[in-house]
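Shown next, in C-alpha cells, is the structure this report addresses.
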Amino acid sequence: MRGLSEAYGRLGVVRKIHVIGIGAGDPDQLTLQAVKALKSTDVFFILDKGEVKSDLTRLRRDLLDVHRPEGTYRLVEARDPERDRAAGGAAYSPAVGDWRSARAGIYERLIAEELGENESGAFLVWGDPALYDSTLGILEEVQDRGAVTFSYDVIPGISSVSALVSRHRTGLNRVARPVQITTGRRLAEGFPEGVDDVVVMLDAHQAFRRYADQDIDIYWGAYIGTPDEILVSGPLAETAEHIARVRAEARERKGWIMDTYLLRRHPQGRGGAAE
Ligand SMILES: C[S@@+](CC[C@H](N)C(=O)[O-])C[C@H]1O[C@@H](n2cnc3c(N)ncnc32)[C@H](O)[C@@H]1O
C-alpha cells in the first residue's frame, strides 16, 4: 500500500470530488446547486451496472448534454462489479462488504489515474447520495486506504422518496407521527414496530402483498419522474394484486424496474392530515 501511496499522493496536490445527487429520474429536478457543481467539473465518472441499467447511464449522459457543451469535459465510464445478490440472511452483510471493497479499488484507480492534479471530478448519484447509496461509504473507504489524496463535498438531490410523495400529492408523515424508510427485505420480515407510515425501497419481491389483509393504504410509483412513470394508490386490499401485475408487465417490457412505495396503516381507523 505504501508504494501506491507514494505513486498517488503527492504533497500539495488536492483533487476535488463532487458527489452530486441528480434526482430520481426527472431532469428538471436537478437543483441549481447541482448544476453549479456540474459546471465546475472536469471529469465525470459513471459506473455502469451492465446492460439492464444502461438506461440509467443514458439518463446521466442526457443530463450532461443539457448542461455542458460537448468537448468541455471528460467522461470516464467503468464497470461496476456485480454484487452477490443471492447471499441472504447472515451472508448479506459480508456480500455487501466485499462488493464495496471491490468498488473502492475501482474508485481509487479512477481518481488517481483519470483525475489530473488540481482537477475536479464528479460522481453523479441517482436521487440523493444520502439514501441507500454506497458512494459516500466507498469514498470514505478510499480515503482511509490513504493511497490517493482528495477532498469531496456532497450535493443533495431529490430522492425517489420525495418524488414519490409529491407525485401522489401526499405527505410522508401524519401529524406529529414518525415515518420509517426501509427495504423490501426488511418489510418481508414484519411490519416495523412503533410506526404506521413506512416507505419501502429496493423491493424485488412485492413484500406489500403480505399485508393486504390489513387496513393499509399504498402509494406506489415506478420509474417516477421518467416518461415511463406509473403511479397507483388506494387500499392495499384492493390494489396489491393489481400493482404486482402492473409491475411484472412493466419489468418484462423494459427489462428492469425501480419502484418505491409508502404504506400508510390505519390501526385506529382513518383520519389525520400530514404535518
Ligand atoms: C439503490 S437505491 C437508490 C436510492 C436513491 N439514492 C434515492 O435517493 O432515491 C434504488 C432504489 O431507489 C428507488 N428508486 C430510485 N429511483 C426511482 C424512481 N425513479 N422511481 C421509483 N423508485 C425509484 C427504488 O426503490 C430503487 O430500488
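Everything quoted here is computed from the prediction, not taken from an experiment. Reckoned from all heavy atoms, side chains included, excluding hydrogens, waters and symmetry mates. First listed ligand is number 1; within each ligand, the first listed atom is number 1.
Taking Asp197 as the reference, Arg174, Val179, Leu262, Arg264 meet the side chain to side chain contact (heavy atoms under 4.5 Å, CB included) condition, with sequence neighbours excluded. By the ring pair (Phe, Tyr, Trp, His ring centres under 6.0 Å) test, Phe208 pairs with Tyr261, sequence neighbours left out.
Between Arg15 and Glu119, none of the side-chain N atoms (NZ, or NE/NH1/NH2) sits under 4.0 Å from a carboxylate O, so this pair counts as no salt bridge.
Sorted by chain and number, the residues within 4.0 Å of ligand 1 by heavy atom are Ala24, Trp126, Gly127, Asp128, Leu131, Tyr132, Ser159, Ser160, Met201, Leu202, Gly221, Tyr223, Ile224, Met258, Asp259, Thr260.
Within the structure, every pair that satisfies the ring pair (Phe, Tyr, Trp, His ring centres under 6.0 Å) test and touches residues 163-204, not counting sequence neighbours, is listed here: His168-Tyr219, Phe191-Tyr211.
No hydrogens or angles considered: nothing links the side chains of Asp215 and His266 as a donor-acceptor pair under 3.5 Å.
Tyr132 and Trp126 have their aromatic ring centers separated by at least 6.0 angstrom.
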